[in-house]
Amino acid sequence: MSMANVTEDWLFAGTLEALQQEKAKVIKGGIAVFYHEDQVYAVDNRCPHLGFPLHVGSLCDGILTCHWHHARFDVCSGGTFDPWADDVPSHEVKVGEDGVWVHSRSRGVRDKEKQLERLKSGLEQNIGIVIAKAIVGLLESGVPADEIARTGIEYGTRLSGGWNSGLTILTAMTRILPKLDGMGKLLALYQGLHHVARSSSGRAEHHLLGRLPGDEVPHERLTAWYRSCMEVRDTQGAERILLTAVGRGASDEELADMMLTAVTDHFYLDGGHTLDFHNKAFESLSLVNPETRMQVLASLVPLMGSPTRSEELHQWQAPVNLVEPLREAFSQLSVHTGGEKTYQPFRMEEEEILVAALLGDQPLHTINMMLQFIKEGKDPLHLAQLVELAAAERIVRFHTQNDFGDWIAVLHTFTHAHAVYEMISRSRQPLLLRAVFYGAISVYLDRFLNVPAAARPKPAPGGKLPELDELLQLMDQRQQVNEAAGWVIRYLRAGGDPAALMNTLGHGLLREDAEFHSFQLYEAAMTAYGKWSGRNDLFAERAKETLLLAAVRYLAAHAPTARETPHTARIAWRLHRGEKLFEE
C-alpha cells in the first residue's frame with residue numbers, strides 16, 4: 001500500500017519501525033494499534049465493558065486484557081472471552097512501504113441483523129451491557145422501536161413459565177414511547193428488555209402441545225371447553241383448545257372473548273394480575289409477527305393454573321357478603337349489554353355521583369347503582385373508566401401514615417381497573433363486564449387506606465411556573481410524596497405543559513431500579529390520561545389532574561433507588577458517542 005492508494009477511509013498509524021518500538025499507540029478516531037508477535041493489530045481503544053483505554057492493557061499470546069475489570073479479547077478479531085464485556089470492534093490493517101495504515105471503520109459492519117443477533121444474545125445470557133449496546137445500535141440505525149421490542153416479546157414467550165412481569169414491563173414501556181424524549185425512549189426499551197432477560201433467566205424453552213385434529217368443533221364449543229378446563233385448572237387441555245382455535249383462524253377479538261371470559265369466571269384473580277397480564281399480552285400482539293401470535297397467547301395459559309380466587313377470601317364474604325350480590329347482578333348483564341346497540345353517555349352529575357359512591361362505604365348500593373346504569377343503557381366502557389378514576393383517587397388520598405407495603409394494594413386496584421377498561425374497549429362480551437364490578441369492590445375494600453385521607457394539594461393562584469428539574473430533585477430525596485404532589489399542582493395551575501410533565505415523570509421512573517408495579521402504574525396513568533384528553537369540562541380536568549397526582553405520589557414514594565439499571569444504558573449510549581468514561 002502506498003500514499004497513492006490512500007483514501008480518507010484509511011488512517012496513518014506511523015512507520016512500522018516506530019510501532020515496533022512503541023508496541024502500542026492510539027491514533028485518530030480512538031483506535032489502539034498494537035505490534036505483537038511480528039503482526040500489527042488495531043481495535044477500538046475503549047473497552048466495550050466500561051470504556052477503559054485498552055492500549056494500557058496487557059497483550060500476551062494474542063490475548064488483550066483490560067486492566068480495569070480484566071475482560072479478555074482476541075486482539076485479531078476483537079472477540080471477547082468474557083460475554084459480559086461484549087466484543088471490541090477490530091479494524092483492518094495494511095502495512096506498506098510508507099508505513100502502517102488502519103481503516104477508520106471497524107470490520108464488523110453495524111447493520112440491523114448483526115445488532116438484532118447481539119440483542120438476542122444479550123437476552124439469552126442476561127447481560128445488561130450487551131442488551132443496552134444493541135438497543136443503542138439499533139436505534140441509531142433507524143430500526144423502529146416496535147421491532148426492537150418484538151425481539152424481546154418473541155424471546156420471552158417461547159420459554160416455560162408463561163407470561164411474566166418482564167414481558168408486561170416491556171409491552172407497557174413500548175406503549176408509552178411516544179410520551180418520552182430520545183433518552184427516555186432508550187431507557188424505556190432497555191428497562192423493558194432488561195426485565196425480560198431477568199424474568200426469563202434459567203427457563204427452558206416451552207414446546208407447544210399442538211392443536212386438536214379436525215375442524216368440526218365450532219368456536220362456541222371450543223370456548224366452553226376452554227372455560228371448563230380453566231375451572232379445574234387443567235392448563236394442558238386448555239392449551240390444546242386454545243391452539244386449535246388459533247389454528248382455525250379465530251380473530252383476536254374471538255380469542256380475547258374466550259380467554260378473558262375464563263379469567264372473569266372467578267373474582268379478581270391474583271389481586272388483578274391475571275387479567276392485567278392477559279391485557280398486556282393482547283396489546284403485544286400488535287408488535288409481533290403473525291406466526292408468533294400462537295406462542296404469545298399460549299404463554300398466558302400457565303397463569304390460570306393456580307391463581308387466588310377472591311370469592312374464596314374472607315374479606316369478600318364478611319362482614320358484608322359481596323359474592324352473592326355480585327352473582328345476582330351478573331345474572332342480569334347479558335340482557336342489557338352486548339351486540340351493536342347504541343349506548344347513552346353519562347351526564348356529569350351522574351359521573352360525580354358514581355365516583356362518590358365507589359369511594360364510599362356502601363358496596364351493595366354501589367353494585368345496584370352500577371347495574372342500574374347498565375340497565376339504562378349507559379356506556380359500559382365509560383363505566384369502566386369511572387371505576388379506574390375512583391381507583392386512581394384512592395392513590396391520591398393514600399396517607400403516608402399507612403404501612404408502606406399498602407401502596408401495592410391501591411396500585412393493584414388501579415392497574416386492574418385500567419386493564420379492564422382496555423379490555424372492554426376491544427370487546428363488548430357481556431360477561432367481561434364482571435371485571436368492572438370486581439374493580440369496584442376492590443376500590444371499596446381499599447377504603448381504610450384513605451383513613452385518614454391525604455389532603456389534595458391546593459396551591460395559591462398566580463404562582464410562578466416551576467422548572468421541571470425541581471420535580472426530579474424532589475424525587476432525589478426519600479418520601480417526598482406530598483411535596484411532589486404539591487409541586488405538580490403548582491406546575492399545572494401555573495400553565496405548565498402536561499406533555500412535558502409526563503416526559504419528566506417518565507424519567508423519574510426510568511432513572512430508578514424500579515420494581516414491577518411502578519412501571520405498571522406509570523403506563524396505566526399516562527394512558528388513562530389520554531382517554532380524558534378529548535374533554536375540557538371541570539370533571540374531566542379534575543380526572544386528568546387525579547391521574548397525574550396518582551402517578552407522582554406513587555413514584556415519589558418509591559424513589560430514590562441505587563439506579564444501577566439505567567446507569568448501564570447510559571454507559572452504552574456514551575460509549576456509542578465515543579465519550580471517555582474512565583477519565584471521570
Side-chain angles (χ1 to χ4, degrees), residues 123 131 135 144-157 162-181 184-200 270-288 296 299-300 303 388 391-392 395 407-408 411-423 425-426 502-531 547-548 550-552 554-555 558-559 565-566 569:
L123 290 167
I131 295 171
I135 296 170
D146 285 2
E147 189 170 347
I148 299 172
R150 178 188 309 152
T151 302
I153 294 168
E154 292 179 347
Y155 166 71
T157 54
W163 187 273
N164 56 48
S165 60
L167 291 163
T168 295
I169 292 171
L170 175 58
T171 304
M173 291 302 95
T174 305
R175 282 171 56 81
I176 55 88
L177 290 177
K179 301 185 184 301
L180 300 170
D181 58 21
K185 288 179 170 63
L186 167 61
L187 290 172
L189 284 170
Y190 176 66
Q191 287 273 17
L193 288 162
H194 163 76
H195 282 280
V196 168
R198 190 165 71 176
S199 297
S200 305
D270 265 353
H273 277 141
T274 305
L275 189 143
D276 183 69
F277 279 20
H278 273 69
N279 177 59
K280 279 290 171 283
F282 274 96
E283 288 175 351
S284 79
L285 293 181
S286 65
L287 302 173
V288 301
V296 170
S299 74
L300 292 168
L303 303 181
E388 176 188 55
I395 302 175
W407 278 106
I408 300 297
L411 175 282
H412 282 164
T413 303
F414 174 63
T415 53
H416 172 270
H418 174 70
V420 172
Y421 174 89
E422 294 293 327
M423 178 184 74
S425 70
R426 293 192 297 269
M502 286 188 274
N503 177 62
T504 300
L505 287 171
H507 280 274
L509 164 69
L510 297 167
R511 69 178 181 169
E512 303 291 347
D513 294 328
E515 45 83 43
F516 164 62
H517 299 96
S518 296
F519 294 102
Q520 279 189 301
L521 183 283
Y522 175 73
E523 187 266 339
M526 298 305 101
T527 304
Y529 182 98
K531 304 300 182 183
L547 291 162
L548 292 174
V552 74
Y554 192 91
L555 295 177
H558 293 79
T565 302

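In this text, all values refer to a predicted model and were calculated from it rather than measured experimentally.
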OH (Tyr190) and CE (Met173) are apart, to the nearest 0.5 Å, by 15.0 Å
Rounded to the nearest 0.5 Å, the NE2 atom of His195 sits from the CD1 atom of Ile131 at a distance of 10.5 Å
Can you list the steps and then say if Ser284 with Val296 is a side-chain contact (heavy atoms from CB on, under 4.5 Å)?
-> CA-CA 8 Å; Ser284 79; Val296 170; 3.6 Å; yes
Donor-acceptor pair, [X] side chain versus [Y] backbone, under 3.5 Å?
X: Ser286; Y: Glu283; result: yes
X: Glu515; Y: Ser518; result: yes
X: Glu512; Y: Ala559; result: no
X: Asp513; Y: Thr565; result: yes
X: Asp276; Y: Ala419; result: no
X: Tyr554; Y: Ile408; result: no
X: His278; Y: Thr274; result: yes

Would you say [X] and [Y] make side-chain contact, with heavy atoms under 4.5 Å?
X: Met502; Y: Ile176; value: no
X: Leu505; Y: Leu548; value: yes
X: His273; Y: His517; value: yes

Item to complete: Applying side-chain contact (heavy atoms from CB on, under 4.5 Å), run through Leu547 and Phe414 and close with a yes or a no.
Response: CA-CA 10 Å; Leu547 291 162; Phe414 174 63; 3.9 Å; yes
Where is the tightest heavy-atom contact between [X] and [Y], given as atom of each residue plus distance?
X: Gly506; Y: Leu180; value: CA-CD2, 3.9 Å
X: Pro178; Y: Thr174; value: CD-O, 4.3 Å
X: Ser199; Y: Gly166; value: OG-N, 3.3 Å
X: Gly184; Y: Leu510; value: O-CD1, 3.5 Å
X: Ala172; Y: Lys280; value: CB-CE, 3.8 Å
X: Leu193; Y: Gly152; value: CD2-CA, 3.5 Å

Could you walk me through whether Thr171 and Trp163 pass the side-chain contact (heavy atoms from CB on, under 4.5 Å) check?
-> CA-CA 11 Å; Thr171 304; Trp163 187 273; 3.7 Å; yes
Begin with the C-alpha distance, continue with both residues' side-chain angles, and end with the deciding distance and a verdict on side chain to side chain donor-acceptor pair (under 3.5 Å) for His418 and Asn279.
CA-CA 10 Å; His418 174 70; Asn279 177 59; 5.5 Å; no
Could you please spell out the steps behind the side-chain contact (heavy atoms from CB on, under 4.5 Å) verdict for Arg511 and Leu187?
CA-CA 8 Å; Arg511 69 178 181 169; Leu187 290 172; 5.6 Å; no
